[in-house]
Protein chains: 2
Amino acid sequence: MIENSSLILQSPLFYGINEEDLSHLLPCLKAFTKTYSKNEIIFLAGSTIHHTCVVLQGGVQIVYEDILGNRTIFSRVTNGELFGETFSFFESEPIPISVISDDNTLVLFLDCRQILTTCSSTCKFHHQLIENMLRIFARKNIFLNKKIRYLSKRTTREKLLSYLSDEATASGKGIFSIPFSRQELADFLCVERSAMSTELNKLKKEGILDFHKNQFRFQQS
Amino acid sequence: MIENSSLILQSPLFYGINEEDLSHLLPCLKAFTKTYSKNEIIFLAGSTIHHTCVVLQGGVQIVYEDILGNRTIFSRVTNGELFGETFSFFESEPIPISVISDDNTLVLFLDCRQILTTCSSTCKFHHQLIENMLRIFARKNIFLNKKIRYLSKRTTREKLLSYLSDEATASGKGIFSIPFSRQELADFLCVERSAMSTELNKLKKEGILDFHKNQFRFQQS
DNA sequence: CCTCATTTGTTGGAAAAACAACATATTTTT
DNA sequence: AAAAATATGTTGTTTTTCCAACAAATGAGG
């Protein structure tokens with residue numbers, strides 16, 4: 001019986017794998033867990049990493065900070081999602097981002113070399129793991145492409161609209177919520193918070209958008 | 001003996017696979033090739049795709065165009081590199097980008113469903129293919145992350161400097177060249193061409209950067 | 001309930017980008 | 001080699017963002 005196995009099995013990385021399989025797989029991946037409280041540094045930009053990580057509880061932020069101190073939130077990674085997987089394939093290269101816990105957070109560490117190396121004989125589930133990994137990469141790729149679409153817009157207004165309309169579509173509902181505070185949203189879209197605030201309220205006055213805190217809604221025309 | 005096998009084997013997707021293996025693998029992936037002349041549309045935004053493609057000769061551009069007609073070049077894909085692989089994992093979703101040939105271009109099409117499905121018994125090389133795919137995804141991820149880093153900069157000047165310094169580092173040489181015309185570079189960095197031109201020449205006057213056509217060099221301080 | 005800290009909204013001036021229109025340079029075509 | 005088409009550079013104006021300082025609202029703790 002493995003600790004946290006139910007949490008682990010909820011991750012898309014372990015899709016199609018059962019508890020029995022997991023008990024073989026985890027030692028093979030040299031897995032271990034670690035807990036963090038809020039705002040602890042898990043990976044620091046400039047270091048090299050050798051693990052792919054799964055957030056089991058809580059959440060972490062992927063943060064890029066340039067020399068001048070401009071902070072950019074790449075994304076927030078929560079339950080079941082991965083981080084570090086991209087860079088763990090190029091172990092010698094220093095990572096350009098930091099990972100910081102956003103909460104009380106439980107993280108599963110997996111030895112990245114063991115993921116690719118299909119272990120001995122009976123490792124059906126190992127193949128499943130690699131397949132899962134591919135899908136996760138594809139999805140992350142799509143996310144990055146989306147973000148690039150937002151950032152490619154020239155004005156704060158267009159960035160907001162492209163992001164929010166994506167979120168509206170994704171939610172499938174009229175009213176949708178976003179996982180960011182105003183400052184975080186500004187960081188995510190790489191714009192000035194105050195200018196963004198002004199722009200949001202302009203959109204509200206113009207009757208295009210309605211919002212209260214993190215709840216948004218596009219007005220019917 | 002397979003047509004174009006030497007070109008195919010040069011692709012990172014087929015790393016570690018020999019010509020003998022390839023002759024088994026290609027039919028299993030339902031592979032076929034197609035030629036395009038310059039500026040032909042290979043994939044059109046909004047359609048759904050069912051193939052992962054490898055550029056065997058020439059090059060293609062990954063282009064995003066919004067409703068207002070603002071064109072953004074995501075990237076240029078050339079010899080041996082892939083496109084479509086990300087979206088082929090989610091066959092039902094319409095793709096948000098178009099792919100346009102940039103030259104006389106030879107493209108290898110692979111049935112995306114066959115890549116994941118490890119075929120029958122003896123398919124060692126199929127596993128190799130999946131491993132290669134993972135590395136390619138990881139690398140593409142890093143590229144997207146880089147691009148996000150450039151776009152996250154607030155000013156044209158900073159975008160230019162972050163991109164060019166990355167290119168300088170990557171080349172390892174003092175003088176380096178970039179694969180873009182001025183208009184393409186502006187599109188890639190999502191800035192105004194004329195403003196970028198002004199900024200480039202300002203950097204030259206200030207003695208920070210020197211350039212002629214596509215050849216750039218950072219001045220020693 | 002009050003105080004303090006944090007987040008969010010507002011405003012005006014400075015800086016930068018977008019835009020437009022045109023000048024110059026380069027490449028392609030004939 | 002000349003003409004046409006394309007790419008790049010320049011300049012002045014308009015628009016937008018950035019920045020800073022402050023005001024208002026919200027939230028947390030005692």
Side-chain angles (χ1 to χ4, degrees), chain A residues 37-39 61 66 68-73 76 102-104 150-164 177-206 208-216, chain B residues 37-39 61 66-73 76 100 102-104 150-164 177-206 208-216:
Chain A
S37 50
K38 187 164 178 163
N39 289 327
Q61 285 195 328
D66 72 13
L68 305 167
N70 294 318
R71 197 169 50 113
T72 308
I73 299 179
R76 184 166 190 273
D102 201 26
D103 238 320
N104 289 332
Y150 309 146
L151 296 190
S152 73
K153 296 292 189 299
R154 307 301 173 81
T155 65
T156 299
R157 183 194 191 90
E158 284 181 305
K159 282 172 186 162
L160 275 170
L161 286 175
S162 62
Y163 168 70
L164 290 174
S177 60
I178 63 170
F180 294 124
S181 72
R182 292 292 184 273
Q183 179 64 64
E184 287 171 341
L185 179 58
D187 284 346
F188 178 73
L189 295 178
C190 302
V191 296
E192 191 61 22
R193 180 197 59 77
S194 67
M196 187 189 79
S197 175
T198 305
E199 204 59 48
L200 274 173
N201 286 294
K202 209 182 283 180
L203 285 168
K204 190 186 257 181
K205 273 198 197 101
E206 293 174 17
I208 297 169
L209 194 70
D210 196 19
F211 57 89
H212 180 67
K213 305 236 175 110
N214 290 338
Q215 306 281 321
F216 289 77
Chain B
S37 50
K38 188 166 178 163
N39 289 328
Q61 286 195 328
D66 71 14
I67 311 146
L68 304 167
N70 294 318
R71 196 170 50 113
T72 308
I73 299 179
R76 184 167 189 272
I100 296 166
D102 201 26
D103 236 322
N104 288 331
Y150 309 146
L151 296 190
S152 74
K153 297 290 190 300
R154 307 301 173 83
T155 66
T156 299
R157 184 194 189 90
E158 284 181 304
K159 282 173 185 161
L160 274 169
L161 286 175
S162 62
Y163 168 68
L164 290 173
S177 61
I178 64 170
F180 295 125
S181 72
R182 291 292 184 272
Q183 178 64 65
E184 287 170 341
L185 179 58
D187 283 345
F188 177 74
L189 296 178
C190 302
V191 295
E192 189 62 22
R193 181 197 60 76
S194 68
M196 187 188 80
S197 175
T198 305
E199 205 58 48
L200 273 173
N201 286 294
K202 210 184 282 180
L203 285 167
K204 191 186 254 181
K205 272 192 197 106
E206 293 174 18
I208 296 168
L209 194 70
D210 196 20
F211 58 88
H212 180 67
K213 305 237 174 107
N214 290 340
Q215 305 282 320
F216 290 77

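By convention in this document, chain letters (A, B, ...) are assigned in the order of the sequence lines, proteins followed by strands, and residues within each chain are numbered from 1.
- If you check every strand for non-hydrogen atoms under 4.0 Å, A:Glu184 touches nothing.
- A:Phe180 and A:Tyr163 have tilted rings, their planes meeting at an angle from 30° to 60° on a 0 to 90° scale.
- In the set D:dT10, D:dC18, C:dG9, the nucleotide with an atom closest to the side chain of A:Val191 is D:dC18.
- Of the listed nucleotides (D:dT8, C:dG9, D:dA20), D:dA20 has the atom at the smallest distance from the side chain of A:Ser194.
- The phosphate of D:dC18 has OP1 or OP2 within less than 4.0 Å of a side-chain N or O from B:Arg154.
- Distance from the side chain of A:Ala195 is smallest to D:dC18 among D:dC18, C:dC19, D:dT8.
- In terms of heavy-atom proximity, A:Arg157 sits nearest to A:Ile208 at NH2-CD1, 3.5 Å.
- When all heavy atoms of B:Leu209 and B:Leu164 are compared, the pair lying nearest together is CD2-CD1, 3.6 Å.
- Taking both residues in full, the closest heavy atoms of A:Ser177 and A:Gln215 are given as CB-NE2, 3.7 Å, listed atom of the first, atom of the second, then distance.
- The side chain of B:Thr156 lies closest to C:dA17, out of C:dA17, D:dT8, C:dT10.
- B:Arg193 comes within contact range of at least one nucleobase, with a heavy-atom separation under 4.0 Å.
- Among the nucleotides D:dA20, C:dA20, D:dT8, the one closest to the side chain of B:Ser181 is D:dT8.
- Of the side-chain N and O atoms in B:Lys213, one or more sit less than 4.0 angstrom from OP1 or OP2 of C:dT27.
- Comparing A:His212 and A:Lys202 by the nucleotide of DNA chain D that holds the closest heavy atom to each, the one mapping nearer the 5' end is A:Lys202.
- Across all strands shown, A:Thr155 has heavy atoms under 4.0 Å from sugar-phosphate atoms exclusively, and none from any base.
- When distances run from any side-chain atom of A:Glu192 to the nucleotides D:dT8, C:dT8, D:dC19, the shortest one goes to D:dC19.
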